[in-house]
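Working notes, beginning with the structure itself.
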Amino acid sequence: MTQQFPANFIWGSATSAYQVEGAWNQDGKGPSIWDVFCLIPGKVQSGDTGEIACDHYHRISADVALMKTMGLKAYRFSIAWARILPAGRGVVNVQGINFYNKLIDELLAAGIEPWVTLYHWDLPAALEFEIDGWLGNEIATVFAEYAEVCFTHFGNRVKNWITINEAWVVAILGYGHGVFAPGKKSNDLPYLAAHNLLLAHAQAVNVYRTKFQKQQKGFIGITNNCDWREPLTDSVADKEAAQRALEFFLAWFADPVYKGDYPAVMKERLGNRLPTFTQEQKMLLKGSSDFFGLNHYTTMYASDATNNKELESVYGNGGLSEDQDVNLSVDGAWKLTAMQWAIVPWGCKKLLQWIEERYDNPNIFITENGGAFDDKLIDGQVNDVDRIDFFKGYITAIGEAIDAGVNVKGYFIWSLLDNFEWASGYSKKFGIHAVEKDSMNRIAKASALWYRDVITNNAV
Ligand code: GAL
């Protein structure tokens, strides 16, 4: 059965600066915490770095042509903060501005809408040294100043802004488990980093709304990530555990943005380990997103762990899972991607309905969804049937959610190119085009052609 999508549905693809640009120290760019993190032995698989990545920086015209061939309506990319402000604040690097101007102009000339993320994890290293990065008091204001530089230079053409990508990952993986930059391990720091990320988002939105939005007529929001949590059994305790897991995951960030404060369950369980917002900050946060940005990849079962802690968490020891008292598991029958993430399209539909209900039916953009799979070469072409199955399943589930009344307005495939997958380096293939790290060949894949048909027919 064909699943038709609403007219004007936005079909796109997404990347982030550090994962694709390369040119890490060229044309005046300053170092970011990921540039530094990659140099520390043992942090990234095979010692890989984003120094060259997909060389997107030098291949903008060719890559935009590729996007046009694929029929993309929108391209989501992030700005490397340290390319614009090499020291994180102060002097603007004109060559960095020129690069993004070129990218934006070429996209518009190709009929592709730019969707710009201001922060996709590559904090200027200077800010980590000087003001303690996301733990410092000044960071929200410094972020808002950087955002203002971007609105000033690009806002006449960019109409869709995303302040922060996946604050949960920054907080938990960067400050809890320490597997992402800046590599800190703590049970408490994630809550402080998250707090400052939310305040930074709110301040940047305030700058946009008070100084730019009226004349530039764009939209601004935040993108959060969340998996679905399905109760393992029908017991009340497991149902509550699943709900609690979703609140500690998504509502941690979305409640402040939609309701002005953290979820009650987090306040109760964390006490003074959870920072508090002032009245003024609550007002700045509440209603600070013009749309609900969602990155979604997988699903796990949740069960109550109050008297029975079996699993710590998929991400390792410490922090979050103890605070929630939730055990997580997967069904052995579920297929897995190369990241070992379970492929469960119905979980996506349920999550969308959960968001619809909790946040009063907002306009949702799925700003990332996709799967990593090992490439199989057939006649020199990558034949990625697994990836097509993945997308078919998830896009169909999203269509069903729309039919059931959820306001999903757009969908961005992760990712345009196989790229630098953070701590996994280049070992995981995520793109709908393959990039050979050495030859930098972009090989057309079956899934890219398949996605082009979806876009053309507005149906899957
Ligand atoms: C997201 C992230 C992306 C990409 C993707 C696949 O969490 O925003 O940068 O890495 O996961 O792992």
message: Between Leu250 and Trp354, is the side-chain contact (heavy atoms from CB on, under 4.5 Å) condition met? List the steps.
response: CA-CA 11 Å; Leu250 184 55; Trp354 189 86; 4.0 Å; yes

field: Shortest non-hydrogen separation from Tyr451 to Tyr411 and the atoms involved
entry: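 Scanning both residues, the minimum pair turns out to be OH-O, 3.6 Å.
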
Counting only N and O atoms by type, is there a donor-acceptor contact under 3.5 Å from the side chain of [X] to the main-chain atoms of [Y]?
{"X": "Arg273", "Y": "Asn187", "answer": "yes"}
{"X": "Thr117", "Y": "Tyr119", "answer": "no"}
{"X": "Gln216", "Y": "Gln213", "answer": "no"}

Parallel under 30°, tilted from 30 to 60°, perpendicular over 60°: which one fits the rings of [X] and [Y]?
{"X": "Tyr100", "Y": "Phe77", "answer": "parallel"}
{"X": "Phe277", "Y": "His195", "answer": "parallel"}
{"X": "Tyr146", "Y": "Trp81", "answer": "parallel"}

- request: Could you go through the salt bridge (charged side-chain N to carboxylate O under 4.0 Å, His left out) check for Lys429 and Glu421 one step at a time?
  value: CA-CA 8 Å; Lys429 300 280 187 190; Glu421 179 51 30; over 6 Å; no

message: For Met339, is the CE atom crowded, meaning more than 12 foreign heavy atoms sit under 6.0 Å from it?
response: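 Yes, because the 6.0 Å sphere around CE of Met339 holds more than 12 heavy atoms from other groups.
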
message: With a 6.0 Å cut-off (strictly less than), is the heavy-atom count around NZ of Lys282, excluding the residue itself, greater than 12?
response: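 Result for NZ/Lys282: enclosed.
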
message: Please tell me whether Phe253 and Trp168 form a close aromatic pair, meaning their ring centres lie under 6.0 Å apart.
response: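 Ring centroids of Phe253 and Trp168 are no less than 6.0 Å from each other.
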
- prompt: Are Phe292 and Tyr359 close enough that their ring centers fall under 6.0 Å?
  reply: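 Phe292 vs Tyr359: aromatic centres under 6.0 Å.
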
message: Arg76 vs Asn165, test: side chain to side chain donor-acceptor pair (under 3.5 Å). Steps then yes/no.
response: CA-CA 11 Å; Arg76 172 179 175 232; Asn165 178 71; 2.8 Å; yes

- request: Pick out which of Asp384, Ile413, Val385, Asp386 makes a side chain to side chain contact (heavy atoms under 4.5 Å, CB included) with Ser447.
  value: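 Going through the options one by one, the only one that passes is Asp384.
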
query: Does the cation-pi check pass for Arg229 over Phe249, that is, NZ or CZ under 6.0 Å from the six-membered ring centre and within 45° of its axis?
result: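 Ring-cation test returns no.
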
